Protein chains: 2
Amino acid sequence: MQTQNMLCLNFAYADCNAVLKALQPVFQEQGMTETVHNWEDHGYLATYIQKNGSFANLRIYPHGLVLVDLQSYNDQTKGREETDRLLDKVEERMKELFHGNIKRVKRLPAILRGGAIDRYWPTADGRLVEYDIDEVVYDEDSPFQNIKILHSKQFGNILILSGDVNLAESDLAYTQAIMGSGKENYAGKEVLILGGGDGGILYEIVKLKPKMVTMVEIDQMVIDGCKKYMRKTCGDVLDNLKGECYQVLIEDCIPVLKRYAKEGRMFDYVINDLTAVPISTSPEEDSTWEFLRLILDLSMKVLKQDGKYFTQGNCINLTDALTLYEEQLSRLYCPVEFSKEIVCVPSYMELWVFYTIWKK
Amino acid sequence: MQTQNMLCLNFAYADCNAVLKALQPVFQEQGMTETVHNWEDHGYLATYIQKNGSFANLRIYPHGLVLVDLQSYNDQTKGREETDRLLDKVEERMKELFHGNIKRVKRLPAILRGGAIDRYWPTADGRLVEYDIDEVVYDEDSPFQNIKILHSKQFGNILILSGDVNLAESDLAYTQAIMGSGKENYAGKEVLILGGGDGGILYEIVKLKPKMVTMVEIDQMVIDGCKKYMRKTCGDVLDNLKGECYQVLIEDCIPVLKRYAKEGRMFDYVINDLTAVPISTSPEEDSTWEFLRLILDLSMKVLKQDGKYFTQGNCINLTDALTLYEEQLSRLYCPVEFSKEIVCVPSYMELWVFYTIWKK
């Protein structure tokens with residue numbers, strides 16, 4: 001595990017040379033050897049190398065920004081302590097010498113890279129977030145995707161499909177939102193779930209005494225992983241692919257939807273819980289949007305006139321993607337209306353949009 | 001604004017020299033000049049310097065970890081594009097040459113430092129999280145603390161007191177939790193709020209027709225900032241410090257509690273919304289825990305026998321701090337019982353514990 005500690009100092013104004021001279025002894029005391037590059041116009045880069053393989057960069061910008069980055073290779077705790085101590089000294093020295101002149105001091109939590117556990121799973125809108133992950137529970141490649149289940153201290157096990165945080169055991173809010181936020185009566189109803197391999201939706205709906213739930217999940221390995229490690233989400237519902245009021249089909253949902261449409265089979269609810277960029281074995285999709293529209297069109301064909309279609313949209317900040325999705329809704333074979341809801345899903349660390357769609 | 005892009009490659013095994021030789025041309029094509037340090041036992045550090053002030057570190061560890069960090073000083077977009085392009089090339093080259101040998105490739109979202117907007121506000125449990133902050137709305141030092149109100153695209157305005165994320169306009173869940181999660185009847189009741197300068201609790205309780213709410217906030221500047229920039233949270237309730245059924249006292253809560261205790265004034269609800277590390281002008285506290293216990297003891301003195309005391313605890317991962325807090329509860333002048341609830345507050349990016357405390 002490699003540890004990177006980062007310190008940032010903003011000066012009202014900086015004499016690059018004075019900052020360099022002030023900090024040189026701090027690094028040299030550690031037995032670090034120095035190489036300095038002087039850009040003249042762009043300030044200094046001093047690189048300090050430690051015998052044990054650690055090193056530091058001191059970058060001094062002439063308009064008053066000083067950055068100190070320390071990289072050490074050690075076990076996590078030792079690496080953190082070593083770099084923390086050195087950065088403490090740098091900070092102290094700077095405050096001693098340039099007290100009134102420092103506008104802002106910011107130290108970031110250390111970044112840990114290269115170890116067995118990866119704690120960084122960026123949000124859908126591209127922000128860096130660190131999770132409290134302490135264990136890799138499951139990590140396998142299926143024919144369709146990489147499947148990881150990682151343990152978070154606060155969120156429980158988290159299902160991550162091809163790098164995309166799908167659902168954690170803490171995320172009942174997601175399952176409730178994609179089921180219509182408690183406003184629907186599932187008793188005696190026919191329900192179709194597209195995807196949903198974590199079993200959360202199936203588990204919650206089965207409790208509500210539906211007539212029949214059919215879930216179509218392409219990836220048996222997602223089910224295998226979740227039934228073992230996401231039991232707070234799926235309970236025992238994935239232990240068998242058939243129950244009193246449900247069946248799970250391990251199939252691509254496109255041909256299943258086509259078959260149902262041809263047979264005239266109709267549902268009260270269709271819940272699309274496919275991954276954000278859906279997987280299919282069917283060759284028809286030229287683009288993600290056309291594929292999404294194909295699924296929507298086929299879903300509308302098997303949805304009763306007074307039925308409802310639920311799906312997750314995207315994070316609230318991706319306004320362009322949300323607008324494009326809503327445009328697709330106006331291009332279906334039948335006219336539809338929709339509403340949307342913004343929900344806080346604990347493990348997502350960003351607000352998420354859910355859609356309800358119905359036939360006009 | 002300084003941009004730092006980070007790429008991490010894990011190899012099954014790495015020939016350090018082969019990796020260095022493979023990547024040298026990629027950097028040299030950019031007109032970057034190279035300095036190489038060879039540790040022998042600990043691999044290589046190659047530093048590449050660009051004329052415009054940018055530079056890159058290529059760190060090759062002999063057991064198969066390769067880290068490439070690029071720092072550029074540019075406006076945000078240009079910096080990102082430049083470093084993205086160079087990292088694309090590094091990644092391509094590595095995949096061409098060491099295809100089967102690369103176990104994992106991870107690129108982190110760029111870290112932006114030194115600019116006017118700081119997007120990194122670590123969680124209470126010390127994790128690095130980036131917020132979608134796009135504007136500094138308010139930034140002032142009061143006699144008690146630094147007060148920032150920053151705008152987040154998804155959470156609305158966020159109140160940050162001395163670096164600690166307090167509340168965002170998205171965080172009604174916080175206010176509801178610290179009011180007892182909708183299970184209490186505030187109509188006709190006497191309520192005391194300690195702190196609560198953002199006005200969220202006051203605004204929500206006033207809607208419920210209490211007899212009288214007294215809020216004691218030490219920092220007038222928090223109120224001034226929030227009444228202007230947190231109106232989704234406080235509505236118009238802070239526009240006047242006195243209303244039909246409420247009053248706001250700009251005072252340290254300790255002497256107020258003592259006065260009320262002496263006068264025998266009693267409340268149905270006491271809501272402690274003080275900051276995690278509370279501020280006081282009173283000299284009695286020897287430590288944070290003694291101070292917390294003093295507030296708890298005084299609060300119990302003004303709480304009716306069947307009254308309830310609500311407070312926020314801490315993030316769920318700080319189990320030691322939570323245990324210590326619960327220990328304080330067993331050391332009050334009167335015996336109390338408590339329950340706790342775990343709540344997802346959208347802008348916190350971590351689960352938060354709330355306490356309800358009552359007299360035995």
Side-chain angles (χ1 to χ4, degrees), chain A residues 2 4 6 8-10 33 35 37 39 41-43 45 47 49 51-55 57 59 61 64-67 69 71 73 104 106 108-111 113-115 118-120 122-123 125-132 153-155 163 170 173 315-317 319 342 344-346 349-351, chain B residues 2 4 6 8-10 33 35 37 39 41-43 45 47 49 51-55 57 59 61 64-67 69 71 73 104 106 108-111 113-115 118-120 122-123 125-132 153-155 163 170 173 315-317 319 342 344-346 349-351:
Chain A
Q2 183 267 1
Q4 172 127 352
M6 300 166 110
C8 174
L9 299 132
N10 282 73
T33 57
T35 315
H37 179 82
W39 271 277
D41 286 353
H42 298 292
L45 169 68
T47 305
I49 288 180
K51 283 203 187 89
N52 66 4
S54 300
F55 72 98
N57 280 144
R59 180 73 179 90
Y61 291 95
L65 180 64
V66 175
L67 299 172
D69 295 348
Q71 292 196 21
Y73 198 93
R104 187 171 59 187
K106 182 86 177 196
L108 296 180
I111 293 178
R113 293 185 289 174
D118 184 352
R119 294 164 64 93
Y120 306 94
T123 57
D125 71 346
R127 284 175 295 111
L128 179 60
V129 289
E130 179 185 353
Y131 283 82
D132 56 347
K153 278 194 268 184
Q154 64 188 311
F155 300 129
S170 58
C315 85
I316 191 176
N317 276 346
T319 44
I342 295 157
C344 178
V345 179
M349 308 209 197
E350 60 191 333
L351 298 176
Chain B
Q2 184 266 0
Q4 172 126 352
M6 299 167 109
C8 175
L9 299 131
N10 282 73
T33 57
T35 315
H37 179 83
W39 272 275
D41 285 354
H42 298 292
L45 169 68
T47 305
I49 289 181
K51 283 203 187 89
N52 66 4
S54 299
F55 72 98
N57 280 143
R59 180 73 179 91
Y61 290 95
L65 180 63
V66 175
L67 299 172
D69 295 348
Q71 293 195 21
Y73 197 92
R104 186 169 60 185
K106 182 85 174 196
L108 295 180
I111 293 178
R113 292 185 290 173
D118 183 353
R119 294 165 63 95
Y120 306 95
T123 56
D125 71 346
R127 285 175 295 110
L128 178 60
V129 289
E130 179 185 355
Y131 284 81
D132 55 347
K153 279 193 268 183
Q154 64 188 311
F155 300 129
S170 58
C315 86
I316 191 175
N317 276 347
T319 44
I342 295 156
C344 178
V345 179
M349 308 209 197
E350 61 192 331
L351 298 177

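Computed from a predicted structure; not experimentally measured. Quick note on labels: first sequence line is chain A, next is B, and so on, each numbered from 1.
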K.L.:
What residue, out of B/K153, B/M6, B/Q71, has the most heavy-atom pairs lying under 4.5 Å from chain A?
P.N.:
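Ranked by heavy-atom pairs under 4.5 Å with chain A, first place is B/M6.
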
K.L.:
Counting heavy-atom pairs under 4.5 Å to chain B, which of A/I316, A/N57, A/V66 comes out on top?
P.N.:
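The answer is A/N57.
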
K.L.:
Check for a donor-acceptor pair, side chain of B/R59 on one end and backbone N or O of A/G53 on the other, with a separation under 3.5 Å.
P.N.:
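Checking the backbone N and O of A/G53 against the side chain of B/R59, a donor-acceptor pair under 3.5 Å is found.
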
K.L.:
If every non-hydrogen atom of B/H42 is compared with every non-hydrogen atom of A/K51, which pair is closest and at what distance?
P.N.:
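Looking at all heavy atoms of both residues, the shortest contact is CD2-O, 3.3 Å.
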
K.L.:
Contact between B/R104 and A/D118 at the side-chain level, heavy atoms closer than 4.5 Å - yes or no?
P.N.:
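Yes, side chains in contact.
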
K.L.:
Check whether A/Y131 gets within reach of chain B through its side chain, its backbone, both or neither, counting any heavy atom under 4.5 Å.
P.N.:
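The backbone, not the side chain.
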
K.L.:
For A/C344 and B/C344, which heavy atoms make the closest approach, and how far apart are they?
P.N.:
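What the structure gives for the nearest pair is SG-SG, 3.5 Å.
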
K.L.:
For B/E350, which atoms come within 4.5 Å of any heavy atom of chain A: side chain, backbone, both, or neither?
P.N.:
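For B/E350, heavy atoms of backbone and side chain both lie under 4.5 Å from chain A.
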
K.L.:
Can you see which heavy atom on A/G126 is nearest to which on B/P109, and at what distance?
P.N.:
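A/G126 and B/P109 have their closest heavy atoms at O-CB, 3.4 Å.
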
K.L.:
Which one wins on heavy-atom pair count under 4.5 Å against chain A: B/N10, B/V129, B/N317?
P.N.:
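Counting heavy-atom pairs under 4.5 Å, the top option is B/N317.
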
K.L.:
Does any part of the side chain of B/Q4, heavy atoms only, come nearer than 4.5 Å to the side chain of A/L67, both counted from C-beta?
P.N.:
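No, their side chains stay 4.5 Å or more apart.
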
K.L.:
At a heavy-atom separation under 4.5 Å, does B/L45 approach chain A through its side chain, its backbone, both, or neither?
P.N.:
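Just its side chain gets close to chain A.
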
K.L.:
Rounded at 0.5 Å granularity, tell me how far CG in B/L128 sits from CD1 in A/I111.
P.N.:
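Answer for the CG-CD1 pair, B/L128 versus A/I111, is 5.5 Å.
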
K.L.:
Taking all heavy atoms of B/Y120 and all of A/K106, pick out the closest pair and write down the distance.
P.N.:
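Scanning both residues completely, I find the closest heavy atoms to be O-NZ, 2.5 Å.
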
K.L.:
Would the number of heavy atoms belonging to other residues, nucleotides or ligands and lying under 6.0 Å from CD1 of A/I342 be above 12?
P.N.:
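No, because the 6.0 Å sphere around CD1 of A/I342 holds 12 heavy atoms or fewer from other groups.
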
K.L.:
Report which part of B/D132 has an atom under 4.5 Å of a heavy atom belonging to chain A: side chain, backbone, both, or neither.
P.N.:
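For B/D132, the contact with chain A is made by backbone and side chain together.
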
K.L.:
Measure across B/Q154 and A/L351 and return the closest heavy-atom pair with its distance rounded to 0.1 Å.
P.N.:
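Shortest heavy-atom contact: OE1-N, 2.7 Å.
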
K.L.:
Is the shortest side-chain heavy-atom distance between B/D69 and A/R113 below 4.5 Å?
P.N.:
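Heavy-atom side-chain distance check passes, below 4.5 Å.
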
K.L.:
Among the options A/T35, A/V345, A/L108, pick out the one with the most heavy-atom pairs lying under 4.5 Å from chain B.
P.N.:
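If we count pairs closer than 4.5 Å to chain B, A/L108 comes out on top.
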
K.L.:
Side chain to side chain contact (heavy atoms under 4.5 Å, CB included) between A/H37 and B/T47: does it pass, once the steps are laid out?
P.N.:
CA-CA 10 Å; A/H37 179 82; B/T47 305; over 6 Å; no

